Amino acid sequence: MVRNPLSKTANKYLRKFRKWPHSPYKTTWHHTFGEQQAMHILKQATFQMSSTQQQPQTQINNNPFLLSTLIDSFKAYNTDPTPKAYYFLVKTITNTSQLHEIPHILNHLEHIEKFETPEFIFCYLIRFYGLADRVQDAVDLFFRIPRFRCTPTVYSLNLLLSLLCRKREFLKMVPNILLKSQHMKIRLEESTFRVLVKALCRIKRVDYAIKIMNCMIEDGYSLDDKICSLIISSLCEQEDLTSVEALVVWGNMRKLGFCPGVMDCTNMIRFLVKEGKGKDALEILNQLKEDGIKPDIVCYTIVMSGFVKEDDYVKLDELFDEILVLGLVPDVYTYNVYINGLCKQNNVDEALKIVVSMEKLGCKPNVVTYNTLLGALCMKGDLGKAKTVFKEIGLKGVELNLHTYRIMLDGLVGKGEIGEACVLLEEMSDKCFYPRSSTFDSIILHLCQKGLIGDATVLMNKIVAKSFVPGAKVWEAMLLNSGSELTYSETTFVGLFSPQ
DNA sequence: GTAGGGTTAG
């Protein structure tokens with residue numbers, strides 16, 4: 001390639017293009033060259049060490065191998081070791097488990113070197129100690145940072161705190177660290193509180209997280225929306241929290257000026273619906289609207305599912321209408337909830353109409369839609385229709401899942417259509433889908449009642465081979481029907497009484 | 001810069 005001398009990429013360090021003459025004395029270039037060479041030697045030495053897998057015993061001037069190599073290689077090029085070189089050394093040492101070198105390196109950095117040690121070197125080591133469960137070492141190093149002519153910032157504080165927060169046993173060290181960090185003149189930031197809140201939420205101590213948030217406000221820090229969101233989302237994952245308690249926290253946050261976003265509302269709504277508080281969920285949705293934020297289809301869908309759960313179909317219809325008025329487009333989840341509502345009202349015909357109209361609107365029903373319909377049809381006893389729908393599913397290119405089969409199988413068994421049930425059972429077996437054990441029991445009972453003991457025995461053997469355990473009623477039926485000609489194979493018993 | 005979060009089931 002011919003370099004164009006006028007191009008901007010021309011090397012300014014070539015004599016031809018140089019802007020300024022080099023000083024005849026030591027130049028940056030020389031310095032950089034020396035540094036590069038020294039680094040090269042250091043890297044080679046570490047590479048050799050790690051490839052031979054030997055623990056070098058060389059101790060020069062009481063310094064262990066890698067540190068000596070660093071000092072010597074820089075000395076050879078008449079330059080001082082750089083922070084970058086130390087950083088490299090520290091990384092190498094942790095990666096090759098030469099941990100005994102760390103104290104030597106730190107001593108050297110503290111007492112021999114004169115430069116202001118960059119904070120990131122300590123952060124690296126603090127993280128290393130923390131992840132290696134050497135928390136006390138991490139804490140000690142943090143407090144030692146000023147002795148390296150380095151002013152620690154909130155960055156290393158946050159790091160240390162996040163490491164301490166990984167385990168409950170270290171949490172008790174946090175207050176002391178916070179206190180001492182004030183003496184070190186580290187300015188706490190919202191980010192620090194975020195670290196604490198995040199950690200507390202992770203270990204499910206949302207109560208403490210809320211306390212931290214309150215302390216923050218009392219100390220004059222501004223309310224951080226991210227912290228509130230974090231608390232809300234963790235709060236909503238709590239198992240033992242009542243909806244009243246959750247609403248109190250929510251209300252207090254709003255009083256403090258928290259502006260919930262769509263996601264916060266979704267979390268809250270999901271929680272309330274799970275607790276059977278559809279009306280409170282709706283209240284949250286309405287608050288969102290009052291705040292001038294348009295709830296999305298997901299919010300509406302969850303609230304709607306709450307009303308289906310509570311059989312409040314008036315509210316369900318109102319919400320469905322509201323969605324359309326707001327110009328939101330219902331998706332398959334929304335339709336599924338609505339269809340489930342209709343099915344629960346025993347209005348399967350209307351549900352089927354909805355399916356047709358959603359298809360027309362370009363929203364493809366999915367396996368959940370069909371499972372809902374099948375379940376309703378079977379429940380109603382309309383097995384003929386259920387069979388039609390069942391066939392239709394495959395034709396529409398929707399894949400049947402375990403539930404589809406279980407619903408259909410239970411429908412057939414419920415109507416005593418055992419022959420067809422057995423055919424379906426075979427089909428399921430091919431796909432490695434298995435019915436609930438109670439369905440197996442029903443099938444065997446039906447077979448026995450019909451006097452088809454042979455078929456019952458064959459099925460029984462198959463079931464046992466799959467480590468299902470037939471219920472007591474099945475045994476009874478089999479024994480009553482078999483008389484003296486009990487024909488279980490030995491494996492039946494072996495399989496039954498010795499769990500694999 | 002965006003997505004995330006949501007549906008059935010005995």
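Since the structure is predicted, the reported quantities are computational estimates derived from the model, not experimental observations. All heavy atoms count here, side chains included; hydrogens, waters and symmetry mates do not. A note on names: the letters A, B, ... follow the listed sequences, proteins ahead of strands, and every chain is numbered from 1.
- Remark: A/His403 in residues 382-417 of chain A come within less than 4.0 Å of DNA chain B through at least one heavy atom.
- Ion pair A/Asp207/A/Arg205 flagged as a salt bridge, since at least one NZ, NE, NH1 or NH2 atom sits closer than 4.0 Å to an Asp/Glu carboxylate oxygen.
- Using a distance-only test at 3.5 Å, with no hydrogens or angles considered, a donor-acceptor pair links the side chain of A/Asn366 to the main chain of A/Val368.
- A/Val262 comes within 4.0 angstrom of a nucleotide base, judged by non-hydrogen atoms across all strands.
- Nearest heavy-atom pair across A/Leu164 and A/Met173 is CD2-SD, 4.0 Å.
- Bounding nucleotides for the chain A contact on DNA chain B, 5' to 3', at a heavy-atom distance below 4.0 Å, are B/dG4 to B/dG10.
- Salt bridge absent: A/Lys277 and A/Glu283 never bring a charged side-chain N and a carboxylate O closer than 4.0 Å.
- Classification of A/Glu420 and A/Lys415 as a salt-bridged pair fails, no side-chain N sitting under 4.0 Å from a carboxylate O.
- Contact annotation for A/Thr266: base contact, defined as any heavy-atom pair under 4.0 Å involving a base atom.
- Put simply, the side chain of A/Ile393 reaches to within 4.5 Å of the side chain of A/Leu374, judged on heavy atoms.
- Pairs engaging residues 445-454 of chain A under the salt bridge (charged side-chain N to carboxylate O under 4.0 Å, His left out) rule: none recorded [sequence neighbours left out].
- The side chain to side chain contact (heavy atoms under 4.5 Å, CB included) test with A/Phe433 singles out one residue from A/Leu424, A/Leu425, A/Leu402, and that residue is A/Leu402.
- Looking at heavy-atom distances under 4.0 Å, A/Thr334 makes contact with a base.
- Residue contacts shown for A/Asn267 are absent, as no nucleic acid heavy atom lies under 4.0 Å away.
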